[in-house]
Protein chains: 2
Amino acid sequence: MTKKSAAPKFERIPPGERRALLVEASIACLAKGGIQGFTVDNICAEAGTSRGLITHHFGSKNALLAAAYAAIYGKLLENLDRAEQAPESIDGLVGMMFADSFLSRDYLNVWLALWGEIAVNPALQLEHRKNYALYRERIARAISAFARGKGVTIDSYDVATILISLVDGLWLEQCIDQSLLSLDRAKDLCRRTLAAVLAAPG
Amino acid sequence: MTKKSAAPKFERIPPGERRALLVEASIACLAKGGIQGFTVDNICAEAGTSRGLITHHFGSKNALLAAAYAAIYGKLLENLDRAEQAPESIDGLVGMMFADSFLSRDYLNVWLALWGEIAVNPALQLEHRKNYALYRERIARAISAFARGKGVTIDSYDVATILISLVDGLWLEQCIDQSLLSLDRAKDLCRRTLAAVLAAPG
DNA sequence: GAAGCTTTTATACATACGTATAATAATAAA
DNA sequence: TTTATTATTATACGTATGTATAAAAGCTTC
């Protein structure tokens with residue numbers, strides 16, 4: 001007679017996977033309710049775990065927030081690295097920016113929620129600086145390569161700032177009020193601005 | 001013998017003034033701690049009143065938040081109306097944008113904190129749409145007048161979107177990490193972009 | 001100076017919050 | 001099969017939260 005094995009009351013998974021699950025749940029909560037939706041109860045309910053796991057795996061809620069931010073930026077940079085290294089047209093440059101930026105509407109809300117926290121949360125600020133520098137460098141490099149290929153002389157650092165700021169602004173606009181701006185129009189405005197800036201003398 | 005009059009335990013001021021005080025205190029709290037710093041305790045401590053006044057004068061904390069947003073936008077629009085109606089140079093246009101945008105670093109944090117809430121707070125969303133439409137209209141009008149004066153034909157609505165988005169993006173960048181961008185450089189990038197866009201054919 | 005009105009305070013209340021704790025149970029190792 | 005490890009749960013605890021309530025007190029009007 002075989003021993004009757006009871007159904008396990010919970011599944012035990014490797015720490016790395018559990019952390020990833022909690023990070024995913026955190027992002028979902030940020031998307032739904034902004035930084036105010038980022039609570040232990042919400043996150044653990046979303047992840048389907050008990051309340052203790054955040055402390056166990058991250059030490060604190062704030063550490064989980066920093067981890068979530070790192071994960072989001074990680075995805076962004078990863079996508080960027082998959083893109084062609086040196087876009088050879090304005091369209092290519094714009095495509096590079098928007099492939100990562102306008103991934104999904106939910107993600108926009110997450111960025112916005114996190115941005116609002118960075119200024120008042122040192123741990124997040126640290127995480128931001130680290131990742132943003134990589135991001136900016138990557139964009140500036142692409143612009144630089146593009147300009148070199150076209151024989152245009154520009155300050156790629158300046159153009160990168162313009163491009164990133166414009167995309168962030170369009171993004172923000174799209175996030176706050178979806179009815180004002182479509183992805184296609186955002187791309188188009190970006191393309192037009194970039195073309196004008198790169199064509200201008202100086 | 002005159003009656004000894006005890007010092008009043010509190011000052012009673014007109015509802016409008018009290019509301020303004022609470023709105024000011026709200027903005028200060030948002031600047032310090034983001035949306036998470038926007039609590040009844042913080043606000044009333046900042047305003048130097050007891051906890052009951054928010055409910056009494058606004059009905060709810062959320063209504064106060066909407067009022068604070070309206071007040072901030074009100075100041076923005078007011079400043080804009082004081083500016084010259086039709087800037088006649090690129091510098092004038094840029095000046096118009098930045099006179100309101102970069103008022104103070106504290107205000108940047110407030111905008112950022114509020115932006116993060118708009119997507120998840122219907123009352124704020126309503127207040128935003130109303131004011132943003134006025135803002136955008138005002139900017140587009142100035143651009144339109146400028147172009148007409150110079151004999152340039154443009155879609156002022158498009159250029160307004162570009163300009164506003166760029167300024168918001170620069171603003172965001174400045175807010176998140178002050179070490180990356182000075183006001184002067186932000187203005188300069190804006191000027192340069194605007195000049196290029198307005199000079200471009202089409 | 002007295003009455004009435006409404007601002008203002010003080011307090012109470014139920015809920016939500018982040019974290020600490022101890023018990024439990026799933027897995028790996030022996 | 002037994003033991004050891006640690007992921008996981010359940011719960012407790014103190015604090016913070018937004019709002020409701022009632023008492024107190026300032027101001028206006030007569």
Side-chain angles (χ1 to χ4, degrees), chain A residues 1-23 25-26 29-30 32-68 113 117 120-121 123-124, chain B residues 1-23 25-26 29-30 32-68 113 117 120-121 123-124:
Chain A
M1 200 184 291
T2 63
K3 181 178 162 200
K4 185 161 64 181
S5 65
K9 293 195 174 172
F10 58 84
E11 194 186 2
R12 195 172 169 151
I13 67 179
E17 284 180 37
R18 180 66 74 188
R19 271 193 286 269
L21 279 179
L22 286 169
V23 163
S26 298
C29 289
L30 286 168
K32 278 183 209 163
I35 195 68
Q36 309 233 58
F38 184 77
T39 69
V40 171
D41 280 346
N42 281 354
I43 297 159
C44 291
E46 177 77 31
T49 73
S50 71
R51 303 164 32 77
L53 286 196
I54 291 177
T55 304
H56 183 70
H57 286 291
F58 292 91
S60 74
K61 194 188 81 153
N62 203 48
L64 171 56
L65 185 62
E117 269 303 290
V120 295
N121 187 328
L124 264 196
Chain B
M1 200 184 291
T2 62
K3 180 178 164 200
K4 185 161 62 181
S5 64
K9 294 195 174 173
F10 58 84
E11 196 186 0
R12 194 173 171 154
I13 66 179
E17 283 180 38
R18 180 66 74 189
R19 272 193 286 269
L21 280 179
L22 287 169
V23 162
S26 299
C29 289
L30 286 167
K32 277 182 208 162
I35 195 67
Q36 309 232 58
F38 184 77
T39 69
V40 171
D41 280 347
N42 282 354
I43 298 159
C44 291
E46 177 77 31
T49 72
S50 71
R51 303 164 32 76
L53 285 196
I54 291 177
T55 304
H56 182 70
H57 287 291
F58 292 91
S60 73
K61 194 188 78 153
N62 204 47
L64 171 56
L65 185 63
E117 269 302 291
V120 296
N121 187 327
L124 265 197

Asks: Using atom CG of D41(B) as one end and atom C1' of dA10(C) as the other, report the distance to the nearest whole Å.
Replies: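 Nearest whole value for this atom pair: 13 Å.
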Asks: When you check the phosphate oxygens OP1 and OP2 of dA20(D), does a side-chain N or O of H56(B) lie under 4.0 Å from one of them?
Replies: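 No, no such contact exists.
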Asks: To the nearest 0.5 Å, how far apart are CD1 in I35(A) and CG in L65(A)?
Replies: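 Going from CD1 on I35(A) over to CG on L65(A), the span is 5.0 Å.
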Asks: Which of these nucleotides, dT11(C), dT7(C), dT8(D), is closest to any side-chain atom of R51(B)?
Replies: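 Of the options given, the side chain of R51(B) lies nearest dT11(C).
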Asks: Report the distance from atom NZ of K61(A) to atom P of dA16(D), rounded to the nearest whole Å.
Replies: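 Roughly 15 Å, once rounded to whole Å.
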Asks: Nearest whole Å is fine: how far is dC27(D) P from E17(B) CD?
Replies: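 So the two atoms are 12 Å apart, to the nearest Å.
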Asks: Between dT8(D), dG18(C), dT8(C), which nucleotide gets closest to the side-chain atoms of S50(A)?
Replies: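 So the nucleotide nearest the side chain must be dT8(D).
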Asks: Could you give the CG-to-P distance, from L22(B) to dT8(C), as a whole number of Å?
Replies: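 Computing the L22(B):CG to dT8(C):P distance gives 9 Å.
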Asks: Need to verify one output field. Residue with the more 5' nearest nucleotide on DNA chain D, K9(B) or G59(B)?
Replies: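 On the 5' side of the pair lies G59(B).
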Asks: What is the distance from CD1 of I43(B) to C1' of dT8(C), rounded to the nearest Å?
Replies: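 Roughly 17 Å, once rounded to whole Å.
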Asks: Can you identify which nucleotide, out of dT6(C), dT17(D), dT9(D), has its nearest atom closest to the R12(B) side chain?
Replies: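 For R12(B), the side-chain atoms sit closest to dT6(C).
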Asks: CZ of F58(A) versus C1' of dA20(C): gap in Å, rounded?
Replies: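 Between C1' of dA20(C) and CZ of F58(A): 19 Å.
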Asks: Which pairs would a plain distance check flag for residues 46-59 of chain A, meaning a side-chain donor or acceptor within less than 3.5 Å of a matching protein atom at least two apart in sequence or in another chain?
Replies:
from	atom 1	to	atom 2	distance (Å)
E46(A)	OE1	K32(A)	NZ	2.9
R51(A)	NH1	D41(A)	OD1	2.3

Asks: Write down the distance between NE2 (H57(B)) and P (dT19(D)), rounded to a whole number of angstrom.
Replies: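 So the NE2-P distance, H57(B) to dT19(D), works out to 15 Å.
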Asks: Could you pull out the closest heavy-atom pair between I43(B) and A25(B), with the gap in Å?
Replies: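 I43(B) and A25(B) have their closest heavy atoms at O-CB, 3.6 Å.
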Asks: Go nucleotide by nucleotide along DNA chain D from the 5' end; which of Q36(B) and L53(A) gets its closest nucleotide reached first?
Replies: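 Its nearest nucleotide lies further toward 5', so the answer is L53(A).
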Asks: Take the protein atom CZ of R18(A) and the nucleotide atom P of dT27(C), then report the distance between them rounded to whole Å.
Replies: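 In whole Å, dT27(C) P lies 11 Å from R18(A) CZ.
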Asks: Which listed nucleotide (dT8(D), dC27(D), dT9(C)) is nearest to the side chain of T49(B)?
Replies: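 Side chain of T49(B) sits closest to dT9(C).
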Asks: Working to the nearest 0.5 Å, report the span between CD of Q36(B) and CG of N121(A).
Replies: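 It comes to 8.5 Å.
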Asks: Give the minimum heavy-atom separation between A68(A) and S26(A), together with the two atoms involved.
Replies: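 Looks like CB-CB, 4.3 Å.
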Asks: What contact category does I54(B) fall into here, base, sugar-phosphate, or nothing, at under 4.0 angstrom with non-hydrogen atoms?
Replies: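 No contact at all - I54(B) keeps every heavy atom at 4.0 Å or more from the nucleic acid.
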Asks: By nearest atom, which of the nucleotides dT19(C), dA25(C), dT17(D) is closest to the T55(A) side chain?
Replies: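 It is dT19(C).
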